[in-house]
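Letters go in sequence order (proteins before strands), and every chain restarts at 1.
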Amino acid sequence: MSLRRYGSLTVEISREEKPLFPGEGITKGDLIDYYEAVYDRMRSHLEDRPLVLRRFPDGIEKSGFYQKQAAEHFPDWIRTTRVQKQNGHQDLVVCDKKATLAFLADQATIALHGWLSREDRPDNPDRLVVDLDPSKDGFAPVRRAALRCRELLDEIDVPSFVKTTGSRGLHVVVPLDRRADFDSVRAFARELAGILAERFPDDLTIEQRKRKRRGRIYVDVGRNAYAQTAVLPYSVRARPGAPVAVPLRWDEVERGRIEPDSFTIGNLFRRLARTEDPWRSFRRRRISVTKAARRLENRKEEQQS
DNA sequence: GGGGCGA
DNA sequence: TCGCCCCAACGCCGG
DNA sequence: CCGGCG
Ligand SMILES: [Mn+2]
Ligand SMILES: [Mn+2]
């Protein structure tokens, strides 16, 4: 057992040498090192956001579990927030310091998923996510879908940001001013998805039924709802190679060199050292969904005339 | 990873 | 003392 | 209302 100190807090680390990614020999100690080092970049995406933990105490080759309710035995300095659910409430972890991230990593939390809203206004998302899910292999169509999504948003002066998920797809993310609730945001997102699928019916679909997708990319906006989550920027994924969800610049998507597993625990720091935060302007560019929806309506009218 | 519980 | 179990359930949508 | 989906 070893100890790591974070200011006045001490985290007991158990079994640093335990392999969590046996294929690559990546250990729990490596995971903790990673999250320690990435905390400063991750911080703005963690702040005030209820978390869902994806834990793999016996490594990614064994089954893991999701954890929402913070365990009784978590230290008292781990902050939690009470959220309402169908039949009562739950206390979810909120990460407000590096020590929390280190503790969660020691608990074999490989991936962190976050609500799209923050604790002070849980019904009003601060980001809209267009989740592009390929139904077959090949990343080029996903990159193209993301660029088409950005293009549509550009047409109505809505800023957009893109990240790899570390899995198979991409997320296109729009920062919101939180004046609109989930129902309004989702209605707008569904409108966007519908237009995209209409423009590119051979490549994109909004069909929920897998069988009806026919190999096309699923433009999933269903995550824009209360208590739903998306993988957080810089989260590791429980997949071979220890891939990471990484914010990108749009020109990187245009160049077409990025693959879903381009960034991993093992190579992300080269990038962080060389590249400034591609989402640096995220907060500055928050928008009103109500106004954006109005611009989308106007545009549709002028196009049919 | 760690607590609770029944054998 | 040891082995086993638990650790999320929810919200939306189309039919 | 059910079942599928993520
Ligand atoms: Mn996805
Ligand atoms: Mn999805």
#### Entry: Separation of atom OH in A/Y66 from atom P in D/dG6, rounded to whole Å
12 Å
Does the pair [X]/[Y] count as a salt bridge with the N-to-O cut at 4.0 Å?
{"X": "A/D120", "Y": "A/R178", "result": "yes"}
{"X": "A/K28", "Y": "A/D106", "result": "yes"}
{"X": "A/R121", "Y": "A/D48", "result": "no"}
{"X": "A/R168", "Y": "A/D137", "result": "yes"}
{"X": "A/R49", "Y": "A/D126", "result": "yes"}
{"X": "A/R82", "Y": "A/D91", "result": "yes"}

### Task
Establish whether A/V162 and A/V158 are linked, either directly or via other cluster members, by ILVMFWY side-chain heavy-atom contacts under 4.5 Å.
yes
### Task
Please check if A/L296 and A/V129 belong to a single hydrophobic cluster, counting links between Ile, Leu, Val, Met, Phe, Trp and Tyr side chain heavy atoms closer than 4.5 Å.
no
### Query
So, A/Y6 and A/E36: side-chain donor and acceptor under 3.5 Å apart, yes or no?
yes
### Message
At 4.0 Å (heavy atoms only), tell me whether A/D106 reaches a base, stays on the sugar-phosphate, or touches nothing.
### Response
sugar-phosphate
### Task
Pick the C1' atom in D/dG3 and in C/dA9, then give their distance to the nearest Å.
16 Å
### Message
Using the P atom as the point on both nucleotides, what is the distance between B/dG4 and C/dA8, in whole Å?
### Response
15 Å
### Query
Between A/Y234 and A/H45, how do the two ring planes meet: parallel, tilted or perpendicular, split at 30° and 60°?
tilted
Within the side chain of [X], is there an N or O that forms a donor-acceptor pair under 3.5 Å with the backbone of [Y]?
{"X": "A/R216", "Y": "A/P201", "value": "yes"}
{"X": "A/T164", "Y": "A/V246", "value": "yes"}
{"X": "A/R54", "Y": "A/I110", "value": "no"}
{"X": "A/E151", "Y": "A/L153", "value": "no"}

### Query
Starting at the 5' end of DNA chain C, which residue's closest nucleotide do you reach first, A/G222 or A/K212?
A/G222
### Query
For DNA chain C, which nucleotides open and close the run of contacts to chain A, 5' to 3', at under 4.0 angstrom from a non-hydrogen atom?
C/dC7 to C/dG15
### Task
Taking all heavy atoms of A/G222 and all of A/A225, pick out the closest pair and write down the distance.
O-CB, 4.0 Å
### Query
Would you call A/V231 and A/H113 a side-chain contact if the rule is heavy atoms closer than 4.5 Å?
yes
### Message
Is there a side-chain contact between A/L132 and A/V219 in this structure, where contact means two heavy atoms from C-beta onward sitting under 4.5 Å apart?
### Response
yes
#### Entry: Span of DNA chain B, from the first to the last nucleotide whose atoms fall under 4.0 Å of chain A heavy atoms
B/dG1 to B/dG3
### Message
Under the criterion side-chain contact (heavy atoms from CB on, under 4.5 Å), I'd like the reasoning laid out for A/H171 against A/R127: C-alpha separation, chi angles, the key distance, then a yes or no.
### Response
CA-CA 11 Å; A/H171 285 174; A/R127 48 194 66 188; over 6 Å; no
### Query
Which parts of residues 117-140 of chain A get close to DNA chain C, meaning a heavy atom less than 4.0 angstrom away?
none
### Task
Check DNA chain C against residues 178-197 of chain A and give the residues with a non-hydrogen atom under 4.0 Å, in numerical order.
A/R186, A/R190
Pairwise N/O distances under 3.5 Å, protein to nucleotides 3-5 of chain D:
| residue | atom | partner | partner atom | Å |
| --- | --- | --- | --- | --- |
| D/dC5 | OP1 | A/K210 | N | 3.1 |
| D/dC5 | O3' | A/R213 | NH2 | 3.2 |

### Query
Going by heavy atoms closer than 4.0 Å, what residues in residues 67-100 of chain A are next to DNA chain B?
A/H73
